[in-house]
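When reading the values below, keep in mind they use all heavy atoms of this one structure, side chains included, and skip hydrogens, waters and symmetry mates.
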Amino acid sequence: MSDDVTGRLWGVGLGPGDPELVTVKAARLIGQADVIAFHSARHGRSIARSVAAPYLREGQVEEALIYPLTTETTDHPGGYQGAIDDFYAACAVRLAAHLDAGRDVVVLCEGDPLFYGSYMHMHKRLSHRYVTEVVPGVTSVSGASAVLGRPLVERDEVLTVLPGTLPAEVLAERLAATDSAAVLKLGRTFTKVRDALAEAGRLDEAWYVERATTGQQRIAPLAEVDPGSVPYFSLALVPSPVNAASPAPAAETGTPGDVSARGEVVVVGLGPAGRPWLTPEAQEALAGVDELVGYGPYLDRVPPNPRQRRHPTDNRVEAERAAHALELAAAGSRVAVVSSGDPGVFAMASAVLEVACEPRFADVPVRVLPGLTAAHAVASRAGAPLGHDYCVLSLSDLLKPWEVVAERIGAAAKADLVLAIYNPASKSRTWQVAAARDLLLEHRAPETPVVVGRDVGGPRESMTVTTLGDLDPDTVDMRCLLLVGSSTTRVAERGDGGRVVFTPRRYPA
(Lines give C-alpha, C1' and ligand atoms only; values in the text may rest on other atoms or scores of the structure.)
Protein backbone atom coordinates (compact mmCIF):
# COMPACT_ATOMS: atom_id res chain seq x y z
CA MET A 1 0.00 0.00 0.00
CA SER A 2 2.89 2.38 0.70
CA ASP A 3 5.69 3.45 -1.61
CA ASP A 4 7.89 4.57 1.34
CA VAL A 5 10.85 2.55 2.58
CA THR A 6 9.01 2.17 5.85
CA GLY A 7 5.30 1.59 6.22
CA ARG A 8 2.71 4.15 7.19
CA LEU A 9 0.82 4.05 10.49
CA TRP A 10 -2.89 4.80 10.51
CA GLY A 11 -5.05 5.23 13.61
CA VAL A 12 -8.55 4.57 12.34
CA GLY A 13 -11.69 5.47 14.25
CA LEU A 14 -14.60 3.07 13.73
CA GLY A 15 -17.40 5.03 15.37
CA PRO A 16 -19.68 3.83 18.18
CA GLY A 17 -20.49 0.35 16.88
CA ASP A 18 -22.69 0.39 13.78
CA PRO A 19 -20.46 -0.67 10.83
CA GLU A 20 -22.40 1.74 8.63
CA LEU A 21 -21.07 4.62 10.74
CA VAL A 22 -17.50 3.82 9.70
CA THR A 23 -16.33 6.70 7.48
CA VAL A 24 -15.65 6.19 3.79
CA LYS A 25 -11.97 6.95 4.35
CA ALA A 26 -11.70 4.52 7.25
CA ALA A 27 -13.34 1.75 5.20
CA ARG A 28 -10.96 2.37 2.30
CA LEU A 29 -7.86 2.28 4.49
CA ILE A 30 -8.98 -0.86 6.28
CA GLY A 31 -9.42 -2.62 2.96
CA GLN A 32 -6.02 -1.48 1.66
CA ALA A 33 -3.86 -2.07 4.73
CA ASP A 34 -1.19 -4.76 4.85
CA VAL A 35 -1.61 -5.21 8.60
CA ILE A 36 -4.72 -4.79 10.77
CA ALA A 37 -4.10 -4.37 14.51
CA PHE A 38 -6.80 -4.36 17.18
CA HIS A 39 -7.06 -4.59 20.95
CA SER A 40 -9.08 -7.23 22.76
CA ALA A 41 -9.54 -8.69 26.20
CA ARG A 42 -8.08 -12.07 27.10
CA HIS A 43 -11.10 -13.92 25.71
CA GLY A 44 -9.81 -12.84 22.26
CA ARG A 45 -13.04 -11.28 20.99
CA SER A 46 -12.56 -7.76 19.65
CA ILE A 47 -15.37 -5.26 19.29
CA ALA A 48 -13.17 -3.16 17.01
CA ARG A 49 -12.52 -6.06 14.66
CA SER A 50 -16.19 -7.03 14.55
CA VAL A 51 -17.12 -3.48 13.51
CA ALA A 52 -14.41 -3.45 10.82
CA ALA A 53 -15.17 -6.98 9.58
CA PRO A 54 -17.22 -5.89 6.52
CA TYR A 55 -14.21 -3.97 5.22
CA LEU A 56 -11.45 -6.55 5.77
CA ARG A 57 -10.05 -8.60 2.89
CA GLU A 58 -8.39 -11.97 2.62
CA GLY A 59 -4.64 -12.11 2.98
CA GLN A 60 -4.26 -9.29 5.49
CA VAL A 61 -2.03 -9.86 8.49
CA GLU A 62 -3.95 -9.48 11.75
CA GLU A 63 -2.20 -8.43 14.96
CA ALA A 64 -4.40 -9.10 17.99
CA LEU A 65 -3.16 -6.91 20.85
CA ILE A 66 -4.53 -8.84 23.82
CA TYR A 67 -4.53 -7.08 27.16
CA PRO A 68 -2.62 -9.15 29.74
CA LEU A 69 -5.10 -8.42 32.56
CA THR A 70 -8.68 -7.32 33.01
CA THR A 71 -8.61 -5.76 36.49
CA GLU A 72 -6.22 -3.55 38.38
CA THR A 73 -4.88 -6.52 40.35
CA THR A 74 -1.45 -7.70 39.23
CA ASP A 75 1.83 -8.99 40.64
CA HIS A 76 3.84 -6.78 38.25
CA PRO A 77 6.55 -4.88 40.21
CA GLY A 78 5.29 -1.63 38.70
CA GLY A 79 1.70 -2.35 39.64
CA TYR A 80 -1.21 -2.08 37.23
CA GLN A 81 0.24 0.92 35.40
CA GLY A 82 3.59 -0.81 35.03
CA ALA A 83 1.96 -3.91 33.54
CA ILE A 84 -0.07 -1.83 31.08
CA ASP A 85 2.98 0.26 30.09
CA ASP A 86 4.96 -2.90 29.36
CA PHE A 87 2.07 -4.24 27.32
CA TYR A 88 1.83 -1.11 25.18
CA ALA A 89 5.60 -1.07 24.70
CA ALA A 90 5.55 -4.67 23.50
CA CYS A 91 2.66 -3.91 21.14
CA ALA A 92 4.59 -0.97 19.71
CA VAL A 93 7.57 -3.23 19.03
CA ARG A 94 5.35 -5.69 17.17
CA LEU A 95 3.84 -2.99 14.97
CA ALA A 96 7.23 -1.33 14.39
CA ALA A 97 8.52 -4.60 12.93
CA HIS A 98 5.83 -4.41 10.23
CA LEU A 99 6.43 -0.71 9.61
CA ASP A 100 10.18 -1.26 9.28
CA ALA A 101 9.49 -3.97 6.71
CA GLY A 102 7.52 -1.49 4.60
CA ARG A 103 4.07 -2.76 5.55
CA ASP A 104 1.31 -0.21 6.22
CA VAL A 105 -0.44 -0.75 9.54
CA VAL A 106 -4.02 0.23 10.44
CA VAL A 107 -4.77 0.25 14.18
CA LEU A 108 -8.50 -0.10 14.71
CA CYS A 109 -10.16 1.88 17.47
CA GLU A 110 -13.78 2.11 18.57
CA GLY A 111 -15.16 5.63 18.55
CA ASP A 112 -12.47 8.23 17.85
CA PRO A 113 -8.79 7.21 18.15
CA LEU A 114 -7.78 10.23 20.25
CA PHE A 115 -10.94 10.42 22.39
CA TYR A 116 -10.27 7.99 25.25
CA GLY A 117 -9.14 5.64 22.48
CA SER A 118 -6.82 2.65 22.82
CA TYR A 119 -4.92 3.76 19.71
CA MET A 120 -3.36 6.79 21.40
CA HIS A 121 -0.90 4.56 23.26
CA MET A 122 0.52 3.37 19.93
CA HIS A 123 0.47 6.93 18.61
CA LYS A 124 2.61 8.23 21.45
CA ARG A 125 5.16 5.49 20.96
CA LEU A 126 5.35 5.36 17.15
CA SER A 127 4.17 8.61 15.51
CA HIS A 128 7.55 10.36 15.96
CA ARG A 129 9.28 7.53 14.09
CA TYR A 130 6.90 6.82 11.21
CA VAL A 131 4.61 8.74 8.88
CA THR A 132 1.34 8.70 10.76
CA GLU A 133 -2.23 9.80 10.13
CA VAL A 134 -5.24 9.67 12.43
CA VAL A 135 -8.67 9.14 10.90
CA PRO A 136 -11.33 10.52 13.25
CA GLY A 137 -14.46 8.56 14.07
CA VAL A 138 -17.91 9.25 15.48
CA THR A 139 -17.52 9.31 19.26
CA SER A 140 -19.59 7.26 21.64
CA VAL A 141 -20.94 10.52 23.06
CA SER A 142 -22.23 11.59 19.64
CA GLY A 143 -23.67 8.14 18.99
CA ALA A 144 -25.45 8.10 22.36
CA SER A 145 -26.87 11.58 21.82
CA ALA A 146 -28.15 10.56 18.40
CA VAL A 147 -29.95 7.41 19.54
CA LEU A 148 -31.33 9.26 22.56
CA GLY A 149 -32.66 11.96 20.27
CA ARG A 150 -31.59 14.76 22.60
CA PRO A 151 -29.18 17.62 21.77
CA LEU A 152 -26.11 17.66 23.99
CA VAL A 153 -25.68 21.44 24.01
CA GLU A 154 -27.27 24.50 22.46
CA ARG A 155 -26.29 28.16 22.17
CA ASP A 156 -23.85 29.05 25.00
CA GLU A 157 -24.22 25.84 26.99
CA VAL A 158 -21.15 23.96 28.22
CA LEU A 159 -20.62 20.22 27.73
CA THR A 160 -18.39 18.40 30.21
CA VAL A 161 -17.01 14.94 29.40
CA LEU A 162 -15.91 12.94 32.43
CA PRO A 163 -14.45 9.48 33.02
CA GLY A 164 -16.37 7.48 35.59
CA THR A 165 -13.06 6.56 37.21
CA LEU A 166 -12.78 10.01 38.84
CA PRO A 167 -13.33 10.24 42.62
CA ALA A 168 -17.00 10.54 43.57
CA GLU A 169 -16.62 14.02 45.04
CA VAL A 170 -14.92 15.31 41.86
CA LEU A 171 -17.66 13.84 39.71
CA ALA A 172 -20.39 15.43 41.83
CA GLU A 173 -18.68 18.82 41.81
CA ARG A 174 -18.23 18.92 38.05
CA LEU A 175 -21.70 17.55 37.29
CA ALA A 176 -23.24 20.26 39.43
CA ALA A 177 -21.28 23.02 37.67
CA THR A 178 -22.00 22.15 34.01
CA ASP A 179 -24.96 22.47 31.68
CA SER A 180 -24.65 19.09 29.97
CA ALA A 181 -22.44 16.10 30.71
CA ALA A 182 -21.32 12.74 29.41
CA VAL A 183 -19.78 10.23 31.81
CA LEU A 184 -17.84 7.41 30.16
CA LYS A 185 -16.25 4.21 31.43
CA LEU A 186 -19.20 3.02 33.49
CA GLY A 187 -19.17 -0.73 34.17
CA ARG A 188 -17.84 -1.12 37.73
CA THR A 189 -18.03 2.66 38.28
CA PHE A 190 -21.78 2.85 37.65
CA THR A 191 -22.92 2.99 41.28
CA LYS A 192 -20.41 5.73 42.06
CA VAL A 193 -21.52 7.75 39.04
CA ARG A 194 -25.19 7.35 39.91
CA ASP A 195 -24.52 8.52 43.47
CA ALA A 196 -22.54 11.51 42.18
CA LEU A 197 -25.42 12.47 39.88
CA ALA A 198 -27.80 12.28 42.81
CA GLU A 199 -25.51 14.40 44.99
CA ALA A 200 -25.25 16.98 42.19
CA GLY A 201 -29.04 17.07 41.84
CA ARG A 202 -28.85 15.78 38.25
CA LEU A 203 -30.02 12.17 38.58
CA ASP A 204 -33.52 12.85 37.27
CA GLU A 205 -32.03 14.41 34.12
CA ALA A 206 -29.60 11.56 33.42
CA TRP A 207 -30.00 8.88 30.78
CA TYR A 208 -28.23 5.56 30.43
CA VAL A 209 -27.12 4.48 26.93
CA GLU A 210 -25.55 1.07 26.35
CA ARG A 211 -23.82 -0.02 23.12
CA ALA A 212 -25.31 2.86 21.14
CA THR A 213 -26.10 2.23 17.43
CA THR A 214 -25.64 -1.57 17.70
CA GLY A 215 -28.15 -4.39 17.81
CA GLN A 216 -27.58 -4.66 21.58
CA GLN A 217 -28.41 -1.00 22.18
CA ARG A 218 -30.27 -0.17 25.39
CA ILE A 219 -31.62 3.18 26.60
CA ALA A 220 -33.23 3.88 29.95
CA PRO A 221 -33.52 6.56 32.63
CA LEU A 222 -30.29 6.10 34.55
CA ALA A 223 -32.04 5.95 37.93
CA GLU A 224 -33.90 2.80 36.82
CA VAL A 225 -30.83 0.80 35.71
CA ASP A 226 -29.65 -2.25 37.65
CA PRO A 227 -25.93 -1.74 38.40
CA GLY A 228 -25.28 -5.44 37.89
CA SER A 229 -26.35 -5.21 34.25
CA VAL A 230 -23.99 -2.40 33.19
CA PRO A 231 -21.09 -3.23 30.80
CA TYR A 232 -18.03 -1.10 30.21
CA PHE A 233 -19.34 0.06 26.83
CA SER A 234 -22.05 2.29 28.21
CA LEU A 235 -22.27 5.89 29.32
CA ALA A 236 -24.38 8.37 31.22
CA LEU A 237 -25.75 11.47 29.49
CA VAL A 238 -27.17 14.64 30.99
CA PRO A 239 -28.55 16.32 27.84
CA SER A 240 -29.10 19.99 27.13
CA PRO A 241 -31.32 21.61 29.78
CA VAL A 242 -33.14 23.44 26.99
CA ASN A 243 -34.62 20.11 25.96
CA ALA A 244 -35.25 18.68 29.41
CA ALA A 245 -38.99 18.59 28.79
CA SER A 246 -38.72 16.65 25.50
CA PRO A 247 -40.52 13.30 25.46
CA ALA A 248 -38.44 10.17 25.99
CA PRO A 249 -37.57 8.00 22.95
CA ALA A 250 -40.54 5.64 23.13
CA ALA A 251 -39.05 2.82 21.09
CA GLU A 252 -36.17 2.33 23.52
CA THR A 253 -37.75 3.00 26.89
CA GLY A 254 -41.00 1.10 26.38
CA THR A 255 -43.06 4.26 26.77
CA PRO A 256 -45.95 4.36 24.28
CA GLY A 257 -45.29 6.85 21.52
CA ASP A 258 -47.21 7.93 18.45
CA VAL A 259 -49.31 4.83 17.74
CA SER A 260 -50.17 5.72 14.18
CA ALA A 261 -46.53 6.44 13.36
CA ARG A 262 -44.79 3.25 14.49
CA GLY A 263 -47.03 0.37 15.62
CA GLU A 264 -46.79 -2.62 13.28
CA VAL A 265 -46.48 -6.40 13.08
CA VAL A 266 -43.76 -8.01 11.00
CA VAL A 267 -43.96 -11.78 10.55
CA VAL A 268 -40.38 -13.07 10.30
CA GLY A 269 -39.10 -16.35 8.90
CA LEU A 270 -36.10 -17.61 10.89
CA GLY A 271 -35.14 -20.33 8.44
CA PRO A 272 -34.78 -23.97 9.51
CA ALA A 273 -32.08 -23.51 12.16
CA GLY A 274 -29.55 -20.97 13.45
CA ARG A 275 -28.17 -17.60 12.44
CA PRO A 276 -26.45 -18.75 9.20
CA TRP A 277 -29.91 -19.50 7.77
CA LEU A 278 -31.34 -16.08 8.73
CA THR A 279 -31.63 -13.50 5.95
CA PRO A 280 -30.16 -10.00 6.46
CA GLU A 281 -33.66 -8.57 5.99
CA ALA A 282 -35.04 -10.74 8.79
CA GLN A 283 -32.06 -9.94 11.03
CA GLU A 284 -32.62 -6.21 10.55
CA ALA A 285 -36.33 -6.55 11.34
CA LEU A 286 -35.66 -8.53 14.53
CA ALA A 287 -33.13 -5.94 15.72
CA GLY A 288 -35.58 -3.08 15.29
CA VAL A 289 -38.67 -4.33 17.12
CA ASP A 290 -39.84 -3.74 20.68
CA GLU A 291 -41.67 -7.06 21.24
CA LEU A 292 -41.13 -10.65 20.08
CA VAL A 293 -44.01 -13.12 19.89
CA GLY A 294 -43.79 -16.78 18.99
CA TYR A 295 -43.62 -20.45 19.90
CA GLY A 296 -41.13 -20.75 22.76
CA PRO A 297 -38.42 -22.88 21.05
CA TYR A 298 -38.45 -20.55 18.04
CA LEU A 299 -38.12 -17.46 20.22
CA ASP A 300 -35.12 -19.10 21.88
CA ARG A 301 -33.34 -18.92 18.52
CA VAL A 302 -33.44 -15.10 18.60
CA PRO A 303 -30.54 -13.68 20.69
CA PRO A 304 -31.80 -11.92 23.86
CA ASN A 305 -31.93 -8.14 23.87
CA PRO A 306 -32.71 -6.47 27.23
CA ARG A 307 -34.56 -3.71 25.41
CA GLN A 308 -37.08 -6.14 23.93
CA ARG A 309 -39.96 -7.97 25.60
CA ARG A 310 -40.52 -11.61 24.67
CA HIS A 311 -43.89 -13.40 24.68
CA PRO A 312 -43.43 -17.19 24.31
CA THR A 313 -46.54 -19.31 23.74
CA ASP A 314 -47.54 -22.91 23.16
CA ASN A 315 -47.47 -24.22 19.59
CA ARG A 316 -51.24 -24.76 19.31
CA VAL A 317 -52.53 -21.25 19.95
CA GLU A 318 -51.83 -19.58 16.61
CA ALA A 319 -54.95 -17.39 16.53
CA GLU A 320 -54.43 -16.21 20.12
CA ARG A 321 -50.74 -15.53 19.39
CA ALA A 322 -51.65 -13.50 16.30
CA ALA A 323 -54.27 -11.48 18.19
CA HIS A 324 -51.80 -10.75 20.99
CA ALA A 325 -49.23 -9.46 18.53
CA LEU A 326 -51.79 -7.25 16.78
CA GLU A 327 -53.01 -5.87 20.11
CA LEU A 328 -49.44 -4.94 21.06
CA ALA A 329 -48.99 -3.19 17.70
CA ALA A 330 -52.31 -1.38 18.07
CA ALA A 331 -50.97 -0.01 21.37
CA GLY A 332 -47.92 1.40 19.58
CA SER A 333 -45.30 -1.36 19.68
CA ARG A 334 -43.22 -2.70 16.83
CA VAL A 335 -43.82 -6.45 17.04
CA ALA A 336 -42.11 -9.41 15.38
CA VAL A 337 -43.98 -12.70 15.15
CA VAL A 338 -41.37 -15.39 14.51
CA SER A 339 -41.77 -18.63 12.58
CA SER A 340 -39.37 -21.39 11.75
CA GLY A 341 -38.59 -21.72 8.06
CA ASP A 342 -40.77 -19.46 5.94
CA PRO A 343 -43.72 -17.87 7.78
CA GLY A 344 -45.97 -18.37 4.75
CA VAL A 345 -45.44 -22.16 4.59
CA PHE A 346 -47.55 -23.95 7.24
CA ALA A 347 -46.64 -21.16 9.67
CA MET A 348 -47.71 -17.88 11.24
CA ALA A 349 -48.19 -15.54 8.27
CA SER A 350 -51.63 -16.84 7.35
CA ALA A 351 -52.74 -16.92 11.00
CA VAL A 352 -51.67 -13.31 11.54
CA LEU A 353 -53.27 -12.08 8.32
CA GLU A 354 -56.50 -13.92 9.06
CA VAL A 355 -56.85 -12.20 12.43
CA ALA A 356 -55.58 -8.90 10.99
CA CYS A 357 -58.57 -8.87 8.64
CA GLU A 358 -60.91 -8.42 11.61
CA PRO A 359 -62.31 -4.85 11.76
CA ARG A 360 -60.63 -4.08 15.09
CA PHE A 361 -57.16 -4.49 13.51
CA ALA A 362 -57.90 -2.83 10.17
CA ASP A 363 -55.40 0.00 10.78
CA VAL A 364 -52.49 -2.14 12.06
CA PRO A 365 -49.78 -2.55 9.40
CA VAL A 366 -48.61 -6.13 8.79
CA ARG A 367 -45.52 -7.17 6.82
CA VAL A 368 -44.34 -10.69 5.99
CA LEU A 369 -40.62 -11.40 5.54
CA PRO A 370 -39.68 -14.69 3.86
CA GLY A 371 -37.34 -17.28 5.24
CA LEU A 372 -35.50 -20.31 3.91
CA THR A 373 -37.96 -23.22 3.94
CA ALA A 374 -37.25 -26.60 5.50
CA ALA A 375 -38.00 -28.23 2.14
CA HIS A 376 -35.33 -26.20 0.38
CA ALA A 377 -32.84 -26.78 3.19
CA VAL A 378 -33.29 -30.56 3.06
CA ALA A 379 -33.19 -30.52 -0.74
CA SER A 380 -29.89 -28.63 -0.73
CA ARG A 381 -28.32 -31.20 1.57
CA ALA A 382 -29.42 -34.05 -0.73
CA GLY A 383 -28.63 -32.35 -4.04
CA ALA A 384 -31.51 -31.04 -6.17
CA PRO A 385 -34.55 -33.31 -5.77
CA LEU A 386 -36.84 -30.28 -6.26
CA GLY A 387 -35.32 -29.51 -9.66
CA HIS A 388 -38.64 -29.99 -11.47
CA ASP A 389 -42.32 -29.55 -10.59
CA TYR A 390 -43.14 -30.38 -6.99
CA CYS A 391 -45.85 -29.87 -4.39
CA VAL A 392 -45.74 -29.20 -0.67
CA LEU A 393 -48.22 -30.75 1.74
CA SER A 394 -48.62 -31.50 5.43
CA LEU A 395 -49.59 -34.87 6.87
CA SER A 396 -51.12 -33.24 9.94
CA ASP A 397 -54.85 -33.75 10.23
CA LEU A 398 -55.27 -31.30 13.12
CA LEU A 399 -56.59 -28.50 10.89
CA LYS A 400 -58.01 -30.53 7.99
CA PRO A 401 -59.53 -34.04 7.81
CA TRP A 402 -57.37 -36.98 6.82
CA GLU A 403 -59.65 -37.64 3.86
CA VAL A 404 -58.50 -34.36 2.32
CA VAL A 405 -54.85 -35.20 3.01
CA ALA A 406 -55.23 -38.64 1.43
CA GLU A 407 -56.97 -37.22 -1.65
CA ARG A 408 -54.18 -34.70 -2.20
CA ILE A 409 -51.45 -37.33 -1.78
CA GLY A 410 -53.12 -39.48 -4.40
CA ALA A 411 -53.55 -36.55 -6.80
CA ALA A 412 -49.90 -35.46 -6.45
CA ALA A 413 -48.66 -39.02 -6.89
CA LYS A 414 -50.82 -39.54 -9.97
CA ALA A 415 -49.54 -36.25 -11.44
CA ASP A 416 -45.95 -37.49 -10.98
CA LEU A 417 -44.95 -34.52 -8.81
CA VAL A 418 -42.10 -34.62 -6.33
CA LEU A 419 -43.59 -34.29 -2.84
CA ALA A 420 -42.19 -32.28 0.07
CA ILE A 421 -44.01 -33.64 3.12
CA TYR A 422 -44.14 -31.52 6.28
CA ASN A 423 -45.31 -32.58 9.76
CA PRO A 424 -45.06 -36.30 8.94
CA ALA A 425 -45.51 -37.56 12.51
CA SER A 426 -45.72 -36.54 16.14
CA LYS A 427 -46.11 -38.21 19.53
CA SER A 428 -49.88 -38.37 19.02
CA ARG A 429 -49.80 -39.00 15.23
CA THR A 430 -47.90 -42.18 14.44
CA TRP A 431 -49.79 -43.88 11.60
CA GLN A 432 -49.92 -41.26 8.84
CA VAL A 433 -46.43 -41.95 7.40
CA ALA A 434 -47.28 -45.58 6.69
CA ALA A 435 -50.65 -44.58 5.27
CA ALA A 436 -49.06 -41.95 3.02
CA ARG A 437 -46.43 -44.46 1.82
CA ASP A 438 -49.12 -46.97 0.87
CA LEU A 439 -51.11 -44.31 -1.01
CA LEU A 440 -48.00 -43.26 -2.93
CA LEU A 441 -47.16 -46.87 -3.83
CA GLU A 442 -50.45 -47.08 -5.70
CA HIS A 443 -48.92 -44.73 -8.30
CA ARG A 444 -45.13 -44.88 -7.73
CA ALA A 445 -42.59 -47.66 -8.09
CA PRO A 446 -41.10 -49.07 -4.87
CA GLU A 447 -37.67 -47.89 -6.17
CA THR A 448 -38.75 -44.21 -6.04
CA PRO A 449 -36.09 -42.25 -4.11
CA VAL A 450 -37.05 -40.82 -0.72
CA VAL A 451 -34.97 -38.33 1.27
CA VAL A 452 -35.50 -38.09 5.04
CA GLY A 453 -33.98 -34.94 6.52
CA ARG A 454 -33.92 -34.54 10.28
CA ASP A 455 -33.01 -31.35 12.20
CA VAL A 456 -31.31 -29.83 9.15
CA GLY A 457 -28.96 -27.06 10.26
CA GLY A 458 -29.21 -28.18 13.87
CA PRO A 459 -26.76 -30.06 16.09
CA ARG A 460 -28.39 -33.45 15.44
CA GLU A 461 -28.75 -33.14 11.67
CA SER A 462 -29.01 -36.37 9.73
CA MET A 463 -29.82 -37.21 6.10
CA THR A 464 -31.10 -40.58 4.92
CA VAL A 465 -31.65 -41.58 1.31
CA THR A 466 -33.89 -44.62 0.90
CA THR A 467 -36.69 -45.78 -1.38
CA LEU A 468 -40.44 -45.65 -1.10
CA GLY A 469 -40.61 -49.43 -0.72
CA ASP A 470 -37.97 -49.47 2.03
CA LEU A 471 -39.18 -46.39 3.96
CA ASP A 472 -39.53 -47.32 7.63
CA PRO A 473 -42.24 -45.16 9.25
CA ASP A 474 -40.80 -45.84 12.71
CA THR A 475 -37.68 -43.79 11.82
CA VAL A 476 -39.72 -40.66 11.03
CA ASP A 477 -40.77 -38.08 13.64
CA MET A 478 -41.82 -34.42 13.85
CA ARG A 479 -38.23 -33.23 13.37
CA CYS A 480 -38.20 -34.82 9.92
CA LEU A 481 -39.16 -33.65 6.46
CA LEU A 482 -39.67 -36.12 3.61
CA LEU A 483 -38.91 -35.57 -0.05
CA VAL A 484 -40.51 -38.22 -2.25
CA GLY A 485 -39.15 -38.29 -5.79
CA SER A 486 -41.03 -38.45 -9.09
CA SER A 487 -40.56 -41.06 -11.80
CA THR A 488 -37.56 -39.09 -13.12
CA THR A 489 -35.75 -38.45 -9.81
CA ARG A 490 -32.32 -40.05 -9.75
CA VAL A 491 -29.80 -41.12 -7.11
CA ALA A 492 -26.25 -40.95 -8.44
CA GLU A 493 -22.87 -41.91 -7.01
CA ARG A 494 -20.15 -39.30 -7.53
CA GLY A 495 -16.46 -39.93 -8.17
CA ASP A 496 -15.59 -38.57 -4.73
CA GLY A 497 -17.71 -41.26 -3.09
CA GLY A 498 -20.61 -38.94 -2.38
CA ARG A 499 -24.19 -39.55 -3.39
CA VAL A 500 -26.61 -36.97 -4.79
CA VAL A 501 -30.33 -36.96 -5.43
CA PHE A 502 -31.69 -34.80 -8.23
CA THR A 503 -34.68 -34.43 -10.50
CA PRO A 504 -33.69 -33.46 -14.07
CA ARG A 505 -35.25 -30.31 -15.46
CA ARG A 506 -36.13 -32.06 -18.72
CA TYR A 507 -39.19 -34.31 -18.61
CA PRO A 508 -39.18 -37.29 -20.97
CA ALA A 509 -41.49 -37.00 -23.98
- prompt: Does the pair Val107 and Val12 meet the rule for a side-chain contact (heavy atoms from CB on, under 4.5 Å), with working shown?
  reply: CA-CA 6 Å; Val107 180; Val12 174; over 6 Å; no
Indicate the atoms forming the closest heavy-atom contact of [X] with [Y], along with that distance.
X      : Y      : answer
Val338 : Gly294 : CG2-CA, 4.0 Å
Thr178 : Val158 : OG1-O, 3.1 Å
Gly143 : Val138 : N-CG1, 4.2 Å
Val268 : Pro343 : C-CG, 4.1 Å
Ala27  : Val22  : N-CG1, 3.8 Å
Gly296 : Pro312 : CA-CB, 3.9 Å

Is there side-chain contact between [X] and [Y], with heavy atoms separated by less than 4.5 Å?
X      : Y      : answer
Leu222 : Leu197 : yes
Pro113 : His123 : no
Leu184 : Leu162 : no
Val366 : Val266 : no
Phe190 : Val225 : yes
Val392 : Phe346 : yes
Pro385 : Phe502 : no
Tyr116 : Val161 : yes

Only distances under 3.5 Å count here; give the side-chain donor-acceptor pairs of residues 270-281 to other protein atoms, sequence neighbours excluded, each with its distance to 0.1 Å.
unit_1	atom_1	unit_2	atom_2	d
Thr279	OG1	Ala282	N	3.0

Presence of salt bridge, [Y] and [X], under 4.0 angstrom:
X      : Y      : answer
Asp290 : Arg334 : yes
Arg310 : Glu291 : no
Lys192 : Glu199 : no
Glu205 : Arg202 : yes
Arg381 : Glu461 : yes

Any chance [atom1] of [X] has more than 12 other-residue heavy atoms, nucleotides or ligands included, within less than 6.0 Å?
X      : atom1 : value
Glu173 : CD    : no
Glu62  : CD    : yes
Arg494 : CZ    : no
Glu20  : CD    : no
Glu133 : CD    : yes
Asp195 : CG    : yes

Would a distance-only check, ignoring hydrogens and angles, find a side-chain to backbone donor-acceptor pair under 3.5 Å from [X] to [Y]?
X      : Y      : value
Glu264 : Ala336 : no
Ser339 : Asp342 : no
Ser180 : Leu152 : yes
Glu157 : Glu154 : yes
Gln60  : Ile30  : yes
Thr189 : Lys185 : yes

At what distance, to the nearest 0.5 angstrom, does [atom1] of [X] lie from [atom2] of [Y]?
X      : Y      : atom1 : atom2 : answer
Leu372 : Ser380 : CG    : OG    : 7.0 Å
Asp104 : Leu9   : CG    : CG    : 9.0 Å
Gln217 : Ser234 : CD    : OG    : 12.5 Å
Ile66  : His39  : CD1   : NE2   : 11.0 Å
Leu235 : Arg211 : CG    : CZ    : 12.0 Å
Tyr119 : Leu126 : OH    : CG    : 7.5 Å

message: Determine whether Arg218 and Ser229 satisfy the following criterion, side chain to side chain donor-acceptor pair (under 3.5 Å), listing intermediate values before the conclusion.
response: CA-CA 11 Å; Arg218 180 163 65 124; Ser229 69; 3.0 Å; yes
Donor + acceptor pair across side chains of [X], [Y] (<3.5 Å):
X      : Y      : value
Arg155 : Ser240 : no
Ser142 : Thr139 : yes
Arg174 : Thr160 : no

Atom pairs and distances, side-chain donor-acceptor, residues 84-99, under 3.5 Å, sequence neighbours left out:
unit_1	atom_1	unit_2	atom_2	d
Asp85	OD1	Gln81	NE2	2.9
Asp86	OD2	His76	NE2	2.6
Arg94	NE	Glu63	OE1	3.2
Arg94	NH2	Glu63	OE1	2.5
Arg94	NH2	Ala64	O	3.1
His98	ND1	Arg103	NE	3.0
His98	ND1	Arg103	NH2	3.4
His98	NE2	Glu63	OE2	2.8

- prompt: Given Leu328, which of Val265, Val289, Val337, Val335 fulfils the side-chain contact (heavy atoms from CB on, under 4.5 Å) condition?
  reply: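 Of all the options given, the one that passes is Val335.
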task: In sequence, state the C-alpha distance, the side-chain angles, and the governing distance for Tyr422 and Leu481, and then conclude on side-chain contact (heavy atoms from CB on, under 4.5 Å).
output: CA-CA 5 Å; Tyr422 281 68; Leu481 182 137; 3.6 Å; yes
task: May I have the step-by-step check of side-chain contact (heavy atoms from CB on, under 4.5 Å) for Val456 and Met463, ending in yes or no?
output: CA-CA 8 Å; Val456 171; Met463 295 291 298; 4.0 Å; yes
task: I would like to know whether Val51 and Thr214 meet side-chain contact (heavy atoms from CB on, under 4.5 Å); could you show each step before the answer?
output: CA-CA 10 Å; Val51 176; Thr214 73; over 6 Å; no
